[in-house]
Amino acid sequence: MKLTTVLAAAALAATALLTGCGTTKITDPAAAPAPGNYADVNGLHMYYEVHGEPTAQPPLVLLHGALSGIGTDFGELIPELSKTRQVIAVEQQAHGRTVDIVRPLRTPQMAEDTVALLGSIGVRRADILGYSMGAGVALEITMKYPDLVRKQILLSGGLSADAMHPGLMDGLAELKPEHLHGSPFHTDYLKNAPRPEDFPRLVERIREQDMNGIPVFAPEAVRRVTAPTLTVIGDSDIVRPEHSVEMFRLFGGGIMGDTPAGLPNSQLAILPGTSHITAPHRPDLLLPMIPVFLDTPLEDAR
């Protein structure tokens with residue numbers, strides 16, 4: 001099945017699921033409504049939001065998926081998560097309220113932008129939840145800045161293009177903005193972006209990145225990650241379940257927990273009746289799971 005076919009079907013499914021989840025339109029890129037703000041990092045005027053009050057726990061940083069934004073991916077999770085911890089959500093280059101600049105869109109650069117933004121607002125330790133493209137950004141941060149990340153949640157992400165079902169990337173060169181017209185990706189961008197006319201530019205950024213810049217995380221490097229990791233996919237995700245089990249094992253999971261050593265740091269969850277697009281929109285499954293994982297004291301994790 002070609003990616004263009006998948007995206008067209010996903011756009012229809014997402015429209016039915018997510019209509020109305022966008023937020024207020026911003027026409028001035030120098031301004032942002034509460035709780036939003038901007039930080040100038042690496043030549044980027046980068047949008048972020050802070051929800052909730054600081055607690056004894058580190059803040060939870062949310063990293064959205066490709067073509068998306070904060071409200072589109074996390075609108076159903078933020079209100080509940082921010083009741084018990086501070087939540088910081090960012091919008092990456094060319095996405096949402098963050099205007100594009102002249103450079104390719106790449107996972108390592110998005111990671112550097114995110115780390116720079118967190119540093120600019122005084123965050124020295126955080127938990128990170130990344131979805132899809134954002135999962136790759138989260139893992140890049142965890143691997144390069146291990147002192148910054150306490151725990152990570154990787155939702156519908158993989159270690160390379162091999163994570164996906166065979167043939168999914170076929171036809172990627174055919175991806176056009178009109179394939180996404182009417183979807184929440186498109187309608188939310190039109191509502192929120194300072195330059196709504198740049199949606200074709202965003203689609204081209206993603207198309208070029210997926211053709212030339214999909215990150216590859218070496219298994220031996222992933223195995224060295226010490227941050228407790230929760231890997232989550234949908235049972236009908238674009239990520240193969242076999243790949244998520246491989247990730248789980250690389251993070252130290254897949255062992256018997258009924259020993260004196262107890263459970264490993266790594267956890268794995270497969271959401272029933274859930275696709276890639278709908279994965280972040282299962283608050284019924286994610287909200288009982290995320291706080292328990294984050295709130296488990298590190299000294300109790302093995």
Side-chain angles (χ1 to χ4, degrees), residues 49-65 70 73-89 118 123 125-132 134-135 137-139 141-142 146-158 222 225-237 239 241 243-276 278-302:
E49 295 179 1
V50 179
H51 299 262
E53 298 299 322
T55 68
Q57 297 277 42
L60 174 62
V61 178
L62 301 181
L63 305 175
H64 63 76
I70 295 170
D73 284 348
F74 302 121
E76 295 154 278
L77 299 179
I78 289 174
E80 289 301 316
L81 291 175
S82 61
K83 288 179 180 179
T84 57
R85 70 194 69 245
Q86 190 171 71
V87 174
I88 300 170
L118 294 175
V123 176
R125 187 79 162 157
D127 298 324
I128 298 185
L129 187 164
Y131 163 61
S132 192
V137 177
L139 183 54
I141 293 172
T142 299
D147 292 340
L148 173 61
V149 180
R150 189 188 70 126
K151 296 185 179 185
Q152 65 174 352
I153 301 172
L154 306 180
L155 175 59
S156 293
V222 174
V225 169
T226 58
T229 300
L230 171 59
T231 300
V232 186
I233 66 163
D235 60 357
S236 298
D237 214 303
V239 178
H243 183 83
S244 294
V245 172
E246 293 170 14
M247 291 176 61
F248 177 49
R249 292 186 184 279
L250 288 172
F251 289 125
I255 62 175
M256 188 178 72
D258 293 319
T259 69
L263 296 169
N265 284 335
S266 182
Q267 296 182 20
L268 173 66
I270 299 180
L271 308 180
T274 303
S275 69
H276 187 76
T278 61
H281 305 286
R282 295 301 308 268
D284 55 323
L285 300 176
L286 292 172
L287 288 175
M289 181 187 307
I290 292 170
V292 170
F293 173 73
L294 295 178
D295 291 343
T296 300
L298 287 175
E299 59 268 26
D300 289 350
R302 297 174 176 86

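FYI, side chains are in, hydrogens and waters are out, and symmetry mates aren't considered; it's all heavy atoms of this structure. Source: prediction; values computed, not measured.
- Sorted by first then second residue, the salt bridge (charged side-chain N to carboxylate O under 4.0 Å, His left out) pairs that include residues 52-61, not counting sequence neighbours, number zero.
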(request) Take Leu60 and Leu62 through the side chain to side chain contact (heavy atoms under 4.5 Å, CB included) test and state the conclusion after the steps. (result) CA-CA 6 Å; Leu60 174 62; Leu62 301 181; 3.9 Å; yes
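- Sorted by first then second residue, the side chain to side chain donor-acceptor pair (under 3.5 Å) pairs that include residues 282-292, not counting sequence neighbours, are Thr274-Arg282, Arg282-Asp284.
- Residues forming a side chain to side chain donor-acceptor pair (under 3.5 Å) with Gln57 (at least two apart in sequence, or on another chain): Arg150, Asp295.
- By the side chain to side chain contact (heavy atoms under 4.5 Å, CB included) test, Ile255 is found to be paired with Pro264, residues two or more places apart in sequence or in another chain being considered.
- A side chain to side chain contact (heavy atoms under 4.5 Å, CB included) with Ile153 is found for one member of Leu129, Thr231, Leu286 and no other, namely Leu129.
- Residues Val292 and Thr296 approach most closely at O-OG1, 2.8 Å, considering heavy atoms.
- Scanning all heavy atoms of the two residues, the minimum distance from Asp147 to Arg125 falls at O-NH1, 3.0 Å.
- To the nearest 0.5 angstrom, Leu287 atom CG is 6.0 Å from Glu80 atom CD.
- Going from atom CD1 of Ile270 over to atom CD1 of Ile233 covers 4.5 Å, rounded to the nearest 0.5 Å.
- Shortest non-hydrogen contact noted between Leu81 and Pro291 is CD2-CG, 4.3 Å.
- The two residues Pro58 and Ala126 make their nearest non-hydrogen contact at CB-CA, 3.7 Å.
- Listed by chain and number, the residues in a side chain to side chain contact (heavy atoms under 4.5 Å, CB included) with Ser156 are Tyr131, Asp237, His276, Ala279 (sequence neighbours excluded).
- To the nearest 0.5 Å, the span separating OG on Ser132 from CG on Leu155 amounts to 8.5 Å.
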(message) What verdict does the side chain to side chain contact (heavy atoms under 4.5 Å, CB included) test give for Val87 and Val50, after you've listed the backbone C-alpha separation in whole Å, the side-chain angles of each residue and the deciding distance to 0.1 Å?
(response) CA-CA 6 Å; Val87 174; Val50 179; over 6 Å; no
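- Taking every heavy atom of both residues into account, Ile128 and Ala138 meet most closely at CG2-CB, 3.4 Å.
- Between Ile78 atom CD1 and His51 atom NE2 the span is 4.0 Å, to the nearest 0.5 Å.
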(request) Verify side chain to side chain contact (heavy atoms under 4.5 Å, CB included) between Ile88 and Val123, making sure each step is shown before the conclusion. (result) CA-CA 10 Å; Ile88 300 170; Val123 176; 3.7 Å; yes
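- For Thr229, the side chain to side chain donor-acceptor pair (under 3.5 Å) criterion is met by Gln152, not counting sequence neighbours.
- Scanning for salt bridge (Lys or Arg N to Asp or Glu O under 4.0 Å) contacts around Arg249 gives an empty result, with sequence neighbours left out.
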(request) Report the C-alpha separation of Phe251 and Leu139 in whole Å, then their side-chain angles, then the decisive distance to 0.1 Å, and conclude whether the side chain to side chain contact (heavy atoms under 4.5 Å, CB included) test is met. (result) CA-CA 11 Å; Phe251 289 125; Leu139 183 54; 4.0 Å; yes
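- Here the CD1 atom belonging to Ile141 is positioned 7.0 Å from the CG atom belonging to Leu118, to the nearest 0.5 angstrom.
- Remark: side-chain polar atoms of Lys151 are paired, donor with acceptor, to backbone N or O of Phe293 under 3.5 angstrom.
- Considering only residues two or more places apart in sequence or on other chains, Phe248 meets the side chain to side chain contact (heavy atoms under 4.5 Å, CB included) condition with Ser266, Leu268.
- Looking at residues two or more places apart in sequence or on another chain, you find no side chain to side chain donor-acceptor pair (under 3.5 Å) involving Asp235.
- Closest approach of His281 to Asp73, counting heavy atoms only: CE1-O, 3.8 Å.
- Partners of Ala135 under the side chain to side chain contact (heavy atoms under 4.5 Å, CB included) rule, at least two apart in sequence or in another chain, are Leu154.
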